[in-house]
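Only a predicted model underlies this, so the values are computations on that prediction, with no experimental measurement involved. Order of appearance sets the numbers: ligands from 1, and atoms from 1 within every ligand.
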Amino acid sequence: MEEYVFYALEGSRKLGDEVGKLLLELPNVSIGSVESLVFADGETKLRVLDNVKDKSIIILSSTYFPVNNRIMQILILCDGLKRAGAKDITLITPYFGYSRQDRISDPNDPITLKLVTDLYKTSGVNRIITADAHSIYPKGYFSIPVYSVDTHEVFAKKFLEIFNNKGISLENVVVLAPDHGSINRGRKLQSVLPGAVFGSIEKMRVGVNQIRSVSFEGEVENKTVIIYDDIVDTGQTVIEAMKLAKERGARDIYVAISHPIFSSRVHDLFAKSDIAGIIVANTIEGRIMNGIEIVSIGRTLAKRIKKHIISTKNTSNP
Ligand code: R5P
């Protein structure tokens, strides 16, 4: 039977504990250990402490701040794994750093998401699983297969619990996509909240960290609004969406975020705003202020890995 070793790198340890426990339910999975060293000038060295010859490897690591370090850690680890004879490597990167740079808007722009994926491939990664991919990518966009798991079901479960406790009927709920890229995700969440309706905002970026909204579709007056976005970085997109929804008479506003990067002053911005609740997925660990609820995608990831990556069939020759 094929053997699998699972590694969770720093930055995804809590999620790694949960996923690891679920994978250990299978007879052919073990949890491995990684040794990591940092040289005086900041260079890092990572290596596994297990015999990985002819084994299939699953690495879990989200690549958020410090994003470049985390990417280097993955590349270095994979290089060692391949040299040690690992048969196959699956990278689970729930937050896929650089996914916002997935297309050009100027002829001189890089497509850094493709570059990073190519680097993973060069280091030995055979496939990638992420969560709530930033865009829908055409076949052949990446040099290796990249799959995405959805977070809408774990958010829906949480919202059903909240609305049930507060006596909020789903007929009074609007799922609001704060920009064009969130429309598909928002529609998916709406589809598992029966009775809820959908709205969307069209946003324009006028600088790296500056946005302007250009249109608002949907009826939010006296409604409970869920703003559902994949990434919150500076928080401006969500705050702008809140402002527009409030101006249109929204009763209360919840925010659901797949990847809570939460840079700079985002906590202050949220603390000063009139948000009824903030719910985030655990694709990114840390920088989460008190009062924010966390939903776990651990089961979703483990299910996907068990179903599509790990084979429990006996593949050895008789
Ligand atoms: C944009 O394409 C993403 O979906 C998010 O809306 C964006 O990254 C959020 O950034 P910020 O919190 O800085 O407005």
Does the side chain of [X] come under 3.5 Å of the side chain of [Y] through a donor N or O and an acceptor N or O?
| X | Y | value |
| --- | --- | --- |
| T224 | D252 | yes |
| H259 | D132 | no |
| S296 | E18 | yes |

Those atoms of ligand 1 less than 4.0 Å from some heavy atom in [X]:
| X | answer |
| --- | --- |
| H134 | 1 (C), 2 (O), 3 (C), 4 (O) |
| Q236 | 12 (O), 14 (O) |
| D230 | 3 (C), 4 (O), 5 (C) |

Exercise for the section: Please determine if K114 forms a cation-pi arrangement with Y141, meaning its NZ or CZ atom is less than 6.0 Å from the six-membered ring centre and no more than 45° off the ring axis. Expected result: yes

Exercise for the section: Check each of Y147, Y137, Y120 against F142 using the ring-ring contact (aromatic ring centres under 6.0 Å, His included) test, and report the only one that passes. Expected result: Y137

Practice task
Tell me, please: is G235 in heavy-atom contact with ligand 1, that is, under 4.0 Å?
Solution key: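 It does; at least one heavy atom falls under 4.0 Å.
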
Practice task
Check whether any heavy atom of E240 sits under 4.0 Å from an atom of ligand 1.
Solution key: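 No heavy atom of E240 comes that close to ligand 1.
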
Completion exercise
Note: D233, heavy atoms under 4.0 Å from ligand 1, region reported as both

Fill in the blank from the handout: So for T237 against ligand 1, with non-hydrogen atoms under 4.0 Å, the contacting part is both

Handout entry: Nearest option to atom 1 (C) of ligand 1, as decided by whichever heavy atom of D229, D179, T234, I231 sits closest
Key =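 Checking each option, the heavy atom nearest atom 1 (C) of ligand 1 is found in D179.
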
Handout entry: Stepwise side-chain hydrogen bond (donor to acceptor under 3.5 Å, both in side chains) check, S99 with D102
Key = CA-CA 6 Å; S99 47; D102 59 0; over 6 Å; no

